[in-house]
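This report refers to the structure that appears directly beneath it.
Here the structure is a predicted model, which is why all the values come from computation and not from measurement.
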Amino acid sequence: MGLSNNITAVLNFIALLCSIPIIASGIWLASKPDNECIHLLRWPVVILGVLILLVSLCGFLGAYWYKETLLAFYLCCMAILIALLLILLVLAFVVTKPDGSYGVPGRGYREYRLDGFSSWLKNHVVDSKSWNKIRACLADTDVCPRLTQEYVTADQFFVAHISPLQSGCCKPPTACGYSYVNPTLWLNPVNPTADPDCFLWNNDQSQLCYNCNSCKAGLLGNLRKEWRKANIILIVAVVVLIWVYVIACSAFKNAQTEDLFRRYKQGWA
């Protein structure tokens, strides 16, 4: 195996290793309660990571045994996968840029307005057609019941840094003026006209604020927070993949040149 093929094999092994954090970040996203309820955003990163792993393996084998067909297949497919990963990254950054959160005086957590998030997320994630299924799915998770186990007194709860999903779905908006009994039980609103969600709050543990706009906003807030964390890993991975791909292309061309030169010498021998 020539020097260029050795370089290509090493580079493809690095690309193969890069697929591992991509798959891991995708599995981490898919395991979150909010993503479990949203099938549209659950598996794209995992699928891309697995495809990059398989294509990198083909490239490694092609370089190790110098199979030009496998190398050409690798270079073509990897270019497509890198482009798809870049598109996913750009889309994730654009749609998660708006932040619908706002601070609440005397509270450790933030609350969320649906109007503060991107139109794409609102139209594709929490539109009226899909929300009933998402709402039922969220009600079956332990997102809200977990709060009653972690916080007992009002003082504990009010300074807690709960998740956007818990802030939007498990309690009524603070502006309503409900009296705290426990994190998922609130009574006697002082200002029920402050927010339309005040009338939607229900102490039934299967209802709570799952029908509220604040719950939809909290779900989007959770997605934004999780995707922006995952994007850090994906950015590093895509930079390494592009670097590997550029050098692999150069090494592949050099390998072809070496092969052509070797045949030329054999022809004169």
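With sequence neighbours excluded, no residue forms a ring-ring contact (aromatic ring centres under 6.0 Å, His included) with Phe93. For Tyr112, the side chain to side chain donor-acceptor pair (under 3.5 Å) test picks out no residue, with sequence neighbours left out. By the salt bridge (Lys or Arg N to Asp or Glu O under 4.0 Å) test, Glu111 pairs with Lys171, sequence neighbours left out. Applying the salt bridge (Lys or Arg N to Asp or Glu O under 4.0 Å) test to Arg146 and every residue at least two apart in sequence or in another chain returns Asp142, Glu150.
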Cys212 vs Cys209, disulfide (SG to SG under 2.5 Å): CA-CA, chis, key distance, verdict: CA-CA 5 Å; Cys212 302; Cys209 218; 1.9 Å; yes
Worked verdict on Cys170 versus Cys144 for disulfide (SG to SG under 2.5 Å): CA-CA 5 Å; Cys170 306; Cys144 292; 1.9 Å; yes
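Distance alone, capped at 3.5 Å, is enough to place a donor-acceptor pair between the Thr96 side chain and the Ala92 backbone. Side-chain atoms of Gln207 never come within 3.5 Å of backbone atoms of Asp204 as a donor-acceptor pair (strictly under, hydrogens ignored). For Ser214 (side chain) and Gly168 (main-chain N/O), a donor-acceptor pair under 3.5 Å exists by modelled atom type. The closest donor-acceptor contact from the side chain of His161 to the backbone of Gly108 lies under 3.5 Å. When atom types are taken as modelled, the side chain of Asn202 and the backbone of Leu208 share no donor-acceptor pair closer than 3.5 angstrom. The backbone N or O of Thr184 lies less than 3.5 Å from a partner atom in the side chain of Gln205, making a donor-acceptor pair. Distance alone, capped at 3.5 Å, is enough to place a donor-acceptor pair between the Arg224 side chain and the Pro98 backbone.
Each salt bridge (Lys or Arg N to Asp or Glu O under 4.0 Å) pair with one or both residues in residues 95-106, not counting sequence neighbours, would appear here, but there are none. The list of salt bridge (Lys or Arg N to Asp or Glu O under 4.0 Å) pairs with a residue in residues 187-200, not counting sequence neighbours, is empty.
Remark: Arg113 is positioned above the aromatic ring of Tyr102, its terminal NZ or CZ atom under 6.0 angstrom from the ring centre and at most 45 degrees off the axis.
Scanning all heavy atoms of the two residues, the minimum distance from Leu219 to Trp131 falls at CD2-CZ3, 3.6 Å.
In this pair, Phe157 and Tyr151 present their aromatic rings perpendicular. The plane angle is above 60°, beyond the 30 to 60° band.
Trp120 and Leu220 fall within a single hydrophobic cluster, where Ile, Leu, Val, Met, Phe, Trp and Tyr are joined by side-chain heavy atoms under 4.5 Å apart, directly or via other members.
Taking the six-membered ring wherever Trp is involved, the centroid distance between the rings of Tyr180 and Phe158 falls below 6.0 Å.
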